[in-house]
Peer 1: 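Supplied in structure tokens, the structure appears directly below.
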Amino acid sequence: MKKNIFLFLMNIKHYNFLSNYRVAKRYEMETASYQDLEREKKFLRLIEHVKSNVPYYKQFNEIRNIHSIEDLNKLPVLTKEVINDQFEQLKATNINKSRFIKNSTSGSSGKSLYFYSDKSDTYSLAVAMRGDEMAGWKFGEKKLIIWGAERDINKGLRAILKRVFQKEVVLSSYYLDDQNIIKYHSFIEKFKPKIIVGYPSALYKIAQILAERKLTFTHQVNGIVSAGETLHDFQRESIEKVFNTKIFNRYGCREVGHIANECKIHEGLHYNSDHLIIELLDKNGNSCKPGEIGEIVITDLDNHVFPLIRYKIGDMGEYLDYKQFCDCGSTLPLIKNIRGRSFEIIEGLNGNRVSGTFWTLLMRYQIKGISQFQLIQLSKSEIRFNIVVNSEFNENEKFKLINKTKEKLGSNITVEILIVDNIKPGANGKYNWIISKLKNS
């Protein structure tokens, strides 16, 4: 009864969420031939749609010659720069505006990207639920999320309904001083969630402080889901030891939702091939073979209002084996490794520890005129911003950035702001937009 009430109030039931959930659960246990057939059907529906209704794709003659997923490489790769440049042309012309949900992400480069999510896309919600179940959670059980985006923290009717009916609570990862970490420990003991979801950098810092204070848990959590950043082995070891449970890696992004989830076998991440098509491309744009590392390119099969086809997400990955079956029982294909975003913690003179997403959201929603940024913590008392600016940036915005930084990290911290023409990528080819030079932090 609670599930039905929740779905009705959240406007999900009307879009066949339960039906999609059943389809998703069946799909993950089916044969490869069944999965290939269902995905091919979904892909061709998307191609027919964009061929007629999305101006950006209509301009390509190649779109008329796509008859299967194998033809997908006939289309060009979609980059963030193309999305920004062709934003209006990527919007479907035959869909009511009520289905368009304005959304944005900072991505791994620290540069904002705007796009539209599809309000009627409940299949992505279904695969998200399926992924959390891999970590030992079931619908209706308590879930604690330690997250950074203020828009996702217990605000508004939707958040209240989630808390009441879905038993989901979100705590901020922006205020990780010792006192708040101890409060979070007490909350976990009282709330008793089945799983905890959070950034690995934040979870690792919590684990460090709890270990230093010799604080343990009497409540047994079924699993910890690491999301939003690269999970390192040292973080996994520390988090599992302190929370006395296994950690499950999740890979996703705001543009397309959950991409892949680690299961109880912990030998790779099952990717949601019923929701997405993942290509791994080498530097020449050719498909990688199992065992080769390549750039991740994604096609979202369920967003029809703002279709993302062959979208270059900005991370690297490696196939374990597309057709390999896993001992967990799922037949979803496996990705061996994701080599991508690694958001570092910035520490203040006031003892506060701030995860990376705080800074991207600050630049996107509160500071005007910054096109791209890089934050470097030179020492405990020194912060440097390298920023690429546009005409909206002025002394007032500069003053605001300095004040916001001091509010989070302490009034005595030194904040240096350098305006640069561009921000160069690191040695690995990726843009490191949060860099901490503190040791043992």
Peer 1: Just to verify, what does Phe243 make a ring pair (Phe, Tyr, Trp, His ring centres under 6.0 Å) with, not counting sequence neighbours?
Peer 2: Phe217
Peer 1: In a table with atom names and distances, give each donor-acceptor pair under 3.5 Å that connects a side chain of residues 190-197 to protein atoms at least two apart or in another chain.
Peer 2:
residue : atom : partner : partner atom : Å
Lys192  : NZ   : Glu189  : O            : 3.0

Peer 1: May I have all residue pairs that pass salt bridge (Lys or Arg N to Asp or Glu O under 4.0 Å) and include part of residues 370-383, sequence neighbours excluded?
Peer 2: Glu347-Lys380
Peer 1: Looking at Glu262 and Arg236, is any side-chain nitrogen of the basic one under 4.0 Å from a carboxylate oxygen of the acidic one?
Peer 2: yes
Peer 1: Once salt bridge (Lys or Arg N to Asp or Glu O under 4.0 Å) is applied, do any residues pair with Lys183, and if so which ones, sequence neighbours excluded?
Peer 2: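 If we apply the salt bridge (Lys or Arg N to Asp or Glu O under 4.0 Å) test to Lys183, skipping adjacent residues, there are no hits.
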Peer 1: Please name all residues satisfying salt bridge (Lys or Arg N to Asp or Glu O under 4.0 Å) with Asp132, sequence neighbours left out, ordered by chain then number.
Peer 2: Lys143, Arg250
Peer 1: Look at Glu133 together with Lys25 and state whether they make a salt bridge at an N to O cut-off of under 4.0 Å.
Peer 2: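 Yes, this pair counts.
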Peer 1: With sequence neighbours excluded, tell me which residues meet ring pair (Phe, Tyr, Trp, His ring centres under 6.0 Å) with Phe100.
Peer 2: Tyr116
Peer 1: Salt-bridge test for Glu38 and Lys42: reply yes if a basic N is under 4.0 Å from a carboxylate O, no otherwise.
Peer 2: no
Peer 1: Would Val415 and Arg384 count as a side chain to side chain contact (heavy atoms under 4.5 Å, CB included) here? Give the steps.
Peer 2: CA-CA 6 Å; Val415 182; Arg384 177 190 295 161; over 6 Å; no
Peer 1: Looking at residues at least two apart in the chain, or sitting in another chain, which of them share a side chain to side chain donor-acceptor pair (under 3.5 Å) with Arg310?
Peer 2: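 Arg310: side chain to side chain donor-acceptor pair (under 3.5 Å) contacts with Glu279.
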Peer 1: Please list all pairs meeting salt bridge (Lys or Arg N to Asp or Glu O under 4.0 Å) that have one or both residues in residues 210-219, counting only residues at least two apart or in different chains.
Peer 2: Asp178-Arg213
Peer 1: With sequence neighbours left out, what residues match Glu40 under side chain to side chain donor-acceptor pair (under 3.5 Å)?
Peer 2: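 Side chain to side chain donor-acceptor pair (under 3.5 Å) list for Glu40, sorted by chain: empty.
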Peer 1: Just jot down the side chain to side chain donor-acceptor pair (under 3.5 Å) partners of Thr31, sequence neighbours excluded, or say none.
Peer 2: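 With sequence neighbours excluded, Thr31 shows a side chain to side chain donor-acceptor pair (under 3.5 Å) to Ser33, given in chain and number order.
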Peer 1: According to side chain to side chain donor-acceptor pair (under 3.5 Å), who are the partners of Asn303, at least two apart in sequence or on a separate chain?
Peer 2: none
Peer 1: Name all residues meeting the ring pair (Phe, Tyr, Trp, His ring centres under 6.0 Å) criterion together with His266; count only those two or more places apart in sequence or in a different chain, and write none if there are none.
Peer 2: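 Expected list: Phe248.
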